[in-house]
2 protein chains.
Amino acid sequence: MDFDEFIEILKGINIKITPARLAILSIFDKAEKHLSIDEIYMMAKKDVPNLGIATTYRTVKLLCDAGIIEKHNFEDCETLYEKKTVKNHSHIIDMESKEVEEFTSEKIKKAILEIAQDLGYDLVNYRLELYCHKK
Amino acid sequence: MDFDEFIEILKGINIKITPARLAILSIFDKAEKHLSIDEIYMMAKKDVPNLGIATTYRTVKLLCDAGIIEKHNFEDCETLYEKKTVKNHSHIIDMESKEVEEFTSEKIKKAILEIAQDLGYDLVNYRLELYCHKK
DNA sequence: ATTTTTGCAAACAGTTTGCATATCT
DNA sequence: AGATATGCAAACTGTTTGCAAAAAT
């Protein structure tokens with residue numbers, strides 16, 4: 001999904017295109033890593049110097065609700081956000097550097113679906129996080 | 001692990017046995033579900049009427065550090081605590097009732113270990129949560 | 001012109017801390 | 001007695017909200 005598609009989504013949900021929103025949107029569009037609110041705020045401020053923290057929170061929430069970005073609460077980390085990918089994926093957190101890597105495993109996914117079924121549930125979503133040391 | 005063993009652990013780490021600590025300890029010993037700080041506070045207050053919330057937090061933190069209880073931050077839930085079991089387990093969260101059930105799966109565990117290895121990490125711990133609707 | 005969005009400051013929830021007093025060993 | 005733990009209130013962090021002014025449609 002690219003930048004213009006994002007904007008179409010925003011227009012679709014009756015939302016005005018403003019400099020603050022464009023700035024934050026484009027940060028996520030370019031981001032190579034998971035971002036904290038403060039990082040987003042700092043980066044966006046370069047484009048929109050008088051941006052307020054409240055607007056940052058509001059915009060991030062908006063993008064979450066619109067399904068454009070995703071929120072993560074990893075253990076011992078501040079809340080982080082990333083652009084949502086179609087494929088749902090899991091995370092590996094390097095416990096020293098706090099760096100986050102992503103992966104998917106059909107094998108694990110299948111096993112999880114199975115377990116949920118066995119226990120009498122319909123799986124809606126799951127969260128899998130591996131806390132590791134780099135070898 | 002039973003109540004007396006808990007107390008031995010506390011003594012072992014040079015910690016005084018006080019009514020507040022006994023009360024909170026025994027709540028976890030009996031608890032059949034995951035507990036929020038407020039629930040712990042309310043329950044413990046029955047035994048120790050002038051208990052303060054600060055002591056509740058301090059004691060809960062103490063028990064976490066001692067490895068007696070475990071902290072969970074499930075999505076859209078308040079922070080919850082449970083007595084730590086030797087076996088590490090995963091959680092199924094019923095998205096309507098917010099009830100939490102536990103399970104273990106060697107199959108999943110194995111697959112997870114494998115993945116971590118493949119990606120060049122040593123697995124220290126993992127967190128797996130299934131968000132579901134009850135069938 | 002109308003509606004939505006913004007920045008600011010104040011409010012808020014959950015948690016932690018400083019301190020003088022009380023409790024444990 | 002000496003060391004630790006407690007309750008209280010104040011501080012603090014991360015986040016949300018009310019409002020009047022500003023900007024988008």
Side-chain angles (χ1 to χ4, degrees), chain A residues 6-27 34-66 68-81 98, chain B residues 6-27 34-66 68-81 98:
Chain A
F6 282 153
I7 293 186
E8 285 314 310
I9 291 180
L10 291 190
K11 283 183 179 162
I13 52 176
N14 235 343
I15 267 181
K16 291 182 177 169
I17 310 298
T18 68
R21 285 171 182 172
L22 283 178
I24 291 175
L25 208 38
S26 96
I27 286 167
H34 295 60
L35 301 171
S36 69
I37 282 285
D38 266 5
E39 286 171 329
I40 299 162
Y41 179 51
M42 296 307 187
M43 291 167 80
K45 244 176 141 48
K46 286 180 193 157
D47 268 325
V48 185
N50 64 343
L51 176 68
I53 188 71
T55 300
T56 308
Y57 275 106
R58 283 189 276 234
T59 304
V60 163
K61 180 155 197 307
L62 187 100
L63 298 181
C64 275
D65 292 347
I68 292 169
I69 66 174
E70 212 166 2
K71 179 180 183 172
H72 297 293
N73 285 295
F74 302 127
E75 292 183 41
D76 299 315
C77 290
E78 10 164 46
T79 300
L80 296 174
Y81 300 85
K98 308 270 171 182
Chain B
F6 282 153
I7 292 185
E8 285 316 308
I9 292 181
L10 291 190
K11 283 184 181 164
I13 52 176
N14 233 344
I15 268 181
K16 291 183 178 168
I17 309 297
T18 67
R21 286 170 182 173
L22 282 179
I24 292 176
L25 207 40
S26 94
I27 285 166
H34 295 60
L35 301 171
S36 68
I37 281 285
D38 267 5
E39 287 171 329
I40 299 162
Y41 179 51
M42 296 307 185
M43 291 167 79
K45 244 177 141 47
K46 285 181 195 159
D47 268 325
V48 186
N50 64 341
L51 177 68
I53 188 72
T55 300
T56 307
Y57 275 106
R58 283 189 276 233
T59 304
V60 163
K61 181 156 195 308
L62 186 102
L63 297 181
C64 276
D65 291 348
I68 292 171
I69 67 174
E70 211 167 3
K71 179 179 181 171
H72 297 293
N73 285 295
F74 301 127
E75 292 184 41
D76 299 316
C77 291
E78 10 165 41
T79 301
L80 296 175
Y81 300 86
K98 308 270 173 185

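Predicted, not measured: the structure shown is a model, and the values here were computed from it. Sequence lines set the chain letters: A, B, ... in the order given, protein chains first and strands last, and positions in each chain run from 1.
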Undergrad: Can you find a donor-acceptor pair, distance only, under 3.5 Å between B:Lys16 side chain and C:dT23 base?
TA: no

Undergrad: Answer yes or no: is there a donor N or O on one side and an acceptor on the other, between the side chain of A:Arg21 and the main chain of A:Thr59, under 3.5 Å?
TA: no

Undergrad: Would you tell me if any nitrogen or oxygen in the side chain of A:Arg21 comes within less than 4.0 Å of OP1 or OP2 on C:dT6?
TA: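 Result: yes.
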
Undergrad: Would you mind reporting whether A:Leu62 and A:Ile68 have side-chain heavy atoms less than 4.5 Å apart?
TA: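 No; the side chains remain at least 4.5 Å from each other.
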
Undergrad: Relative to the 5' end of DNA chain D, which residue comes earlier, B:Tyr41 or B:Ile15, by the nucleotide with the nearest heavy atom?
TA: B:Ile15

Undergrad: Rounded to whole angstrom units, what separation is found between the NZ atom of B:Lys71 and the C1' atom of C:dT15?
TA: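 Rounding to the nearest Å, NZ of B:Lys71 and C1' of C:dT15 are 9 Å apart.
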
Undergrad: Can you measure B:Glu39 atom CD to C:dG14 atom C1' for me and round it to whole angstrom units?
TA: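 Going from B:Glu39 (CD) to C:dG14 (C1'), I get 15 Å.
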
Undergrad: Taking all non-hydrogen atoms of both residues into account, name the closest pair between A:His34 and A:His72 and its distance.
TA: CD2-CD2, 3.7 Å

Undergrad: Using a cut-off of strictly less than 4.0 Å between a heavy atom of the residue and any atom of DNA chain D, enumerate the qualifying residues of residues 44-60 of chain A by number.
TA: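 Per residue number, the list reads A:Ala54, A:Tyr57, A:Arg58.
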
Undergrad: If every non-hydrogen atom of A:Tyr41 is compared with every non-hydrogen atom of A:Thr56, which pair is closest and at what distance?
TA: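 So the two residues come closest at CD1-OG1, 3.2 Å.
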
Undergrad: In whole angstroms, how far is the P atom of D:dA5 from the CG atom of B:Leu63?
TA: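 In whole Å, D:dA5 P and B:Leu63 CG are 12 Å from each other.
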
Undergrad: Can you figure out which of D:dA24, D:dT15, D:dT6 approaches the side chain of B:Thr18 most closely?
TA: D:dT6

Undergrad: With rounding to the nearest 0.5 angstrom, report the OG to CD distance, A:Ser36 to A:Glu78.
TA: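 Atom-to-atom, A:Ser36:OG and A:Glu78:CD are 4.5 Å apart.
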
Undergrad: Take the C1' atoms of the five end pairs on each side of the helix from C:dA1-D:dT25 to C:dT25-D:dA1, derive the two axes, and give their angle rounded to 10 degrees.
TA: 30°

Undergrad: If you define the side chain from C-beta out and look only at heavy atoms, does anything of A:Thr18 sit under 4.5 Å from A:Thr55?
TA: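 Contact flag for A:Thr18/A:Thr55 side chains = no.
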
Undergrad: Grab the CG-C1' distance between A:Leu35 and D:dG14 for me, whole Å please.
TA: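 After rounding, the reported distance stands at 17 Å.
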
Undergrad: Please name the pair of heavy atoms, one in A:Ile24 and one in A:Ala44, separated by the smallest distance, quoted to 0.1 Å.
TA: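 Scanning both residues completely, I find the closest heavy atoms to be CG1-CB, 3.9 Å.
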
Undergrad: Specify the separation, in whole Å, of atom CG of B:Leu22 and atom P of D:dT6.
TA: 10 Å

Undergrad: Whole angstroms only, please: what is the CD1-P distance between A:Ile24 and C:dT6?
TA: 8 Å

Undergrad: Taking side chain as C-beta onward, heavy atoms only, is A:Glu8 less than 4.5 Å from A:Lys11?
TA: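 Of all side-chain heavy-atom pairs linking A:Lys11 with A:Glu8, at least one is under 4.5 Å.
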
Undergrad: Measure NZ/A:Lys61 against P/D:dT16 and give the value in whole Å, please.
TA: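 Answer to the nearest Å: 7 Å.
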
Undergrad: Using whole Å, report how far CD1 of A:Ile17 lies from P of D:dA23.
TA: 17 Å

Undergrad: Kindly give the heavy-atom pair with the smallest separation between A:Met43 and A:Leu35, and that separation in Å.
TA: SD-CD2, 4.4 Å

